[in-house]
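In what follows, a single structure is set out as structure tokens and then discussed.
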Amino acid sequence: MTPRPALVLHLAAPRGFCAGVDRAIRIVELALEKWGAPVFVRHEIVHNRTVVDALRAKGAVFVEEVADAPADRPIVFSAHGVAKSVPAEAAERDMIQVDATCPLVTKVHIEAARHHENGLQLIMIGHAGHPETVGTMGQLPPGEVLLVEDVADVATLGVRDPDRLAFVTQTTLSVDDTADIVAALQARFPAIRGPAREDICYATTNRQMAVKAMAPSCEAILVVGAPNSSNSRRLVEVAKKAGCPYAQLIQTAAEIDWRAIEGVSSIGLTAGASAPEELVNEVIEALRGRYDVTVRPVVTAEEDVEFKVPRILREPA
Ligand code: 0K2
Ligand code: SF4
């Protein structure tokens with residue numbers, strides 16, 4: 001038998017579930033325990049098919065709009081957050097509602113509302129159509145928030161008063177790209193208000209940092225995550241920008257493009273904030289099936305963040 005080729009597997013830490021995802025999944029599970037099935041969930045609770053399928057098997061039903069759920073069943077809002085009109089619609093229909101919006105997204109919603117109350121026009125740095133961007137922009141009346149997706153957008157922004165502006169950001173953006181956009185905003189509008197840097201969360205920042213640290217030593221990097229997961233897609237971009245010649249987003253081990261990584265002797269592995277660790281383990285097993293694998297953890301931060309579930313789920317039925 002020919003010996004299997006040696007492979008150094010750089011394993012990023014932190015990777016995978018963040019505190020907001022962990023809490024959102026727990027919320028759906030507790031809602032099912034409290035009210036029984038079905039519990040309706042507006043949008044994928046987090047952007048991961050394995051997570052969604054597991055909750056569906058327990059009795060969660062995923063819908064895109066409040067109107068798609070019956071009024072006599074509880075509805076959970078996803079981790080990405082929702083526009084103000086969404087809880088208003090659920091209240092109008094007298095539904096039990098549970099908010100699984102990550103507290104770090106809610107913090108941005110509060111900032112946005114505060115700037116608006118202070119009479120500042122708001123600029124949101126984010127991706128058009130992404131549920132978090134839709135939710136944050138939807139904290140203010142329609143048409144009030146200007147969206148900026150990249151540096152080029154800054155030059156063409158038409159603002160009401162250049163001295164009365166503030167910005168907020170999506171929590172799952174590229175740290176480096178966002179710094180460039182913020183710098184462009186500050187250069188054009190020196191009086192603009194905003195957070196010290198941006199609103200990117202600790203989990204997004206830490207996962208990008210670990211990928212950056214391992215990228216120069218990896219011939220390829222695999223990112224476990226879904227195509228609609230903003231934070232996971234950013235990890236692929238960060239890997240390439242940090243000097244790794246090949247990076248691939250995979251939902252499961254079955255999606256590994258073996259031909260693309262043929263002949264490599266070092267691979268990096270990480271997972272987006274919505275990807276369960278079991279999927280990472282399956283990738284490691286798949287690699288072990290073809291290579292003689294040595295695992296090298298790349299630890300760039302320790303995380304101990306935890307969020308409480310909403311009070312309604314801490315009270316007896
Ligand atoms: O990265 P995304 O915002 O697309 O969302 P997920 O992949 O579901 O990750 C959880 C983050 C949710 C909110 O920040
Ligand atoms: Fe919250 Fe950040 Fe996780 Fe989003 S990625 S759920 S903001 S901790």
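Indexing begins at 1, ligand by ligand and atom by atom, following the structure's order. Computed from a predicted model, the values in this text were never measured in an experiment. In what follows, residues are counted from 1 in the order of the sequence shown.
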- Between Glu262 and Arg290, does a salt bridge (Lys or Arg N to Asp or Glu O under 4.0 Å) hold up when you go through it step by step? CA-CA 10 Å; Glu262 204 179 331; Arg290 296 178 183 235; over 6 Å; no
- Task: Check step by step if salt bridge (Lys or Arg N to Asp or Glu O under 4.0 Å) holds for Glu44 and Arg49.
- Result: CA-CA 8 Å; Glu44 288 188 338; Arg49 210 165 53 197; over 6 Å; no
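In terms of polar-atom proximity, defined here as any N/O pair under 3.5 Å, Thr171 does make such a contact with ligand 1.
Ion pairing of Arg42 with Glu65 is present here, as a side-chain N (NZ or NE/NH1/NH2) and a carboxylate O approach within less than 4.0 Å. A salt bridge does not link Glu111 to Arg193: none of the charged nitrogens lies less than 4.0 Å from a carboxylate oxygen.
His80 CD2, 3.5 Å is the protein heavy atom nearest to atom 12 (C) of ligand 1. The protein heavy-atom contact nearest to atom 9 (O) of ligand 1 is Asn231 ND2, 3.1 Å. Among protein heavy atoms, atom 8 (O) of ligand 1 sits closest to His47 N, 2.6 Å.
Here Leu104 has no heavy atoms under 4.0 Å from ligand 1, in either its backbone or its side chain. With a heavy-atom cut-off of 4.0 Å, His130 touches ligand 1 through its side chain alone. With a heavy-atom cut-off of 4.0 Å, Glu132 touches ligand 1 through its side chain alone. Contacts of Val21 with ligand 1, taken as heavy-atom pairs under 4.0 Å, involve the side chain alone. When heavy-atom distances to ligand 1 are checked against a 4.0 Å cut-off, Cys102 has no atom that comes that close, whether in backbone or side chain. Heavy atoms of Thr172 found under 4.0 angstrom from ligand 1 belong exclusively to the side chain.
Using a distance-only test at 3.5 Å, with no hydrogens or angles considered, a donor-acceptor pair links the side chain of Arg15 to the main chain of Ala12. Of the possible polar contacts, one joining the Thr204 side chain to the Thr171 backbone as a donor-acceptor pair under 3.5 Å is found. One N or O on the side chain of Lys34 and one on the backbone of Glu315 form a donor-acceptor pair closer than 3.5 Å. A donor-acceptor pair under 3.5 Å is absent between the side-chain atoms of Glu198 and the main chain of Thr169, judged by distance alone. Judged purely by atom type and a 3.5 angstrom limit, Arg314 has no side-chain atom pairing as donor or acceptor with the backbone of Lys308. Between the Gln97 side chain and the Ala88 main chain, no donor and acceptor come within less than 3.5 Å of each other. With Asp68 contributing its side chain and Val63 its backbone, the two residues share no donor-acceptor pair below 3.5 Å.
For ligand 2, the atoms lying closer than 4.0 Å to a non-hydrogen atom of Tyr202 are 8 (S). Which parts of ligand 1 touch Ser230 is read off a 4.0 Å heavy-atom cut-off, strictly below it: atoms 1 (O), 2 (P), 4 (O). Residue-ligand proximity, Ser274 to ligand 1, at heavy-atom distances under 4.0 Å covers atoms 6 (P), 7 (O), 8 (O), 9 (O). Near Val46, meaning under 4.0 Å from one of its heavy atoms, ligand 1 places the atoms 8 (O). Every atom of ligand 1 with a heavy atom of Asn228 under 4.0 Å away is listed here by number and element: 4 (O).
Residue-and-atom listing of protein N/O/S atoms under 2.8 Å from atom 1 (Fe) of ligand 2, sorted by chain and number: Cys102 SG.
A 6.0 Å sphere centred on CZ of Arg296 holds no more than 12 heavy atoms belonging to other residues, nucleotides or ligands. The environment of Glu255 atom CD is dense: over 12 non-hydrogen atoms of other residues, nucleotides or ligands sit within 6.0 angstrom.
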